[in-house]
Amino acid sequence: MKYIFQILRPQQWIKNTFVFLPLFFGGQLLNIDLLLQCVVVFFAFSFAASAIYCLNDVYDVELDKLHATKRLRPLAAGKISKTAVFVLMCVCIVLSMLVLLLFAGSVRFVLMALVGF
């Protein structure tokens, strides 16, 4: 389980709080409906970002093995298999879409989030 969390890099999710900036600058941070929508987008975006981290680790595994610090990442260190990382990537993609579908409540919202509107 420890290696799964390392691959997902949840410590990087803090950067995804940028999705709250429009509410802050628009003076709508206390608007509960908009705030909940941003929370949904935050988690959907974070799962999608973790999927990309998985893909990056698989793509760069050979270079990471030669790097001073990246060689300690679970995949480069041989602590987790490429297959497991691919499965984890797919799970993150599915979770991202499910969060949007279940909590945003509309396919239109999912499509807008994917396109970046």
Side-chain angles (χ1 to χ4, degrees):
M1 199 62 150
K2 170 185 169 183
Y3 302 124
I4 289 173
F5 282 111
Q6 287 178 349
I7 291 277
L8 295 177
R9 296 185 185 93
Q11 72 278 9
Q12 298 292 335
W13 287 15
I14 193 74
K15 294 183 284 188
N16 301 339
T17 58
F18 77 89
V19 300
F20 295 95
L21 289 177
L23 290 184
F24 175 77
F25 288 113
Q28 297 292 318
L29 200 53
L30 298 178
N31 182 325
I32 299 300
D33 290 333
L34 293 176
L35 187 60
L36 289 175
Q37 286 182 8
C38 280
V39 169
V40 168
V41 169
F42 169 80
F43 281 104
F45 188 76
S46 295
F47 284 127
S50 288
I52 298 301
Y53 290 134
C54 291
L55 181 64
N56 179 67
D57 282 355
V58 169
Y59 183 78
D60 288 342
V61 67
E62 295 305 320
L63 291 174
D64 287 352
K65 287 179 182 179
L66 304 174
H67 193 273
T69 55
K70 292 180 182 180
R71 66 183 172 80
L72 301 175
R73 289 181 178 170
L75 184 61
K79 305 288 184 185
I80 193 168
S81 70
K82 280 186 182 182
T83 302
V85 176
F86 272 122
V87 168
L88 188 57
M89 180 183 70
C90 292
V91 167
C92 284
I93 291 169
V94 168
L95 283 174
S96 179
M97 294 298 107
L98 279 175
V99 164
L100 289 175
L101 285 171
L102 294 176
F103 297 104
S106 85
V107 175
R108 181 173 171 263
F109 188 82
V110 173
L111 293 175
M112 287 175 24
L114 287 173
V115 178
F117 289 102

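Quantities reported herein were computed from a predicted structural model and do not represent experimental measurements.
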Straight-line distance of Leu88 CG to Leu55 CG, nearest 0.5 Å = 12.0 Å
Do Leu95 and Phe43 touch side chain to side chain, with heavy atoms closer than 4.5 Å?
-> no
Closest heavy-atom pair and its distance - Met89, Cys54 = CB-CB, 3.7 Å
Indicate yes or no: at least one non-hydrogen side-chain atom of His67 is less than 4.5 angstrom from one of Thr69.
-> yes
Using a cut-off of 6.0 Å, state whether more than 12 heavy atoms not belonging to Leu66 lie near its atom CG.
-> yes
Is the backbone of Leu63 close enough, under 3.5 Å, to the side chain of Asp60 for a donor and an acceptor to pair up by distance?
-> no
Tyr59 with Ile93, same ILVMFWY side-chain cluster at under 4.5 Å = no
Centroid-to-centroid, Phe42 to Phe18, below 6.0 Å?
-> no
Please find out if less than 6.0 Å separates the ring center of Phe47 from that of Trp13.
-> yes
Val41 and Phe25: same hydrophobic cluster, using ILVMFWY side-chain contacts below 4.5 Å?
-> yes
For residues Phe24 and Leu29, report the shortest heavy-atom separation together with the two atoms involved.
-> CD1-CD2, 4.0 Å
To the nearest 0.5 angstrom, please state how far the CG atom of Asn31 sits from the SG atom of Cys38.
-> 9.5 Å
Is it the case that one hydrophobic cluster holds both Leu35 and Val40, taking links as side-chain heavy atoms less than 4.5 Å apart, direct or via other members?
-> yes
Find out whether Leu100 and Met97 are in side-chain contact, i.e. whether some heavy atom of one side chain is under 4.5 Å from a heavy atom of the other.
-> yes
State, yes or no, whether a side-chain contact exists between Lys65 and Val61 at a heavy-atom distance under 4.5 Å.
-> yes
Distance in Å, Ile52 CD1 paired with Gln12 CD, rounded so as to fall on 0.5 Å steps | 14.0 Å
Cluster link Phe86 to Phe5, ILVMFWY, side chain under 4.5 Å = yes
Stepwise salt bridge (Lys or Arg N to Asp or Glu O under 4.0 Å) test for Asp57 and Arg73 = CA-CA 8 Å; Asp57 282 355; Arg73 289 181 178 170; 3.4 Å; yes
pair Phe20-Thr17: side-chain heavy atoms closer than 4.5 Å | yes
Identify the heavy atoms of Ser50 and Cys92 that sit nearest to each other, and give their distance.
-> CB-SG, 4.0 Å
Where Leu8 and Tyr53 come nearest, the two heavy atoms and their spacing | O-CD1, 3.6 Å
Which residues pass the side-chain contact (heavy atoms from CB on, under 4.5 Å) test with Ile80, sequence neighbours left out?
-> Ile4, Ile7, Pro74, Leu75, Ala84, Val85
According to a 4.5 Å side-chain heavy-atom criterion applied to Ile, Leu, Val, Met, Phe, Trp and Tyr, with indirect links allowed, do Val99 and Val91 form part of one hydrophobic cluster?
-> yes
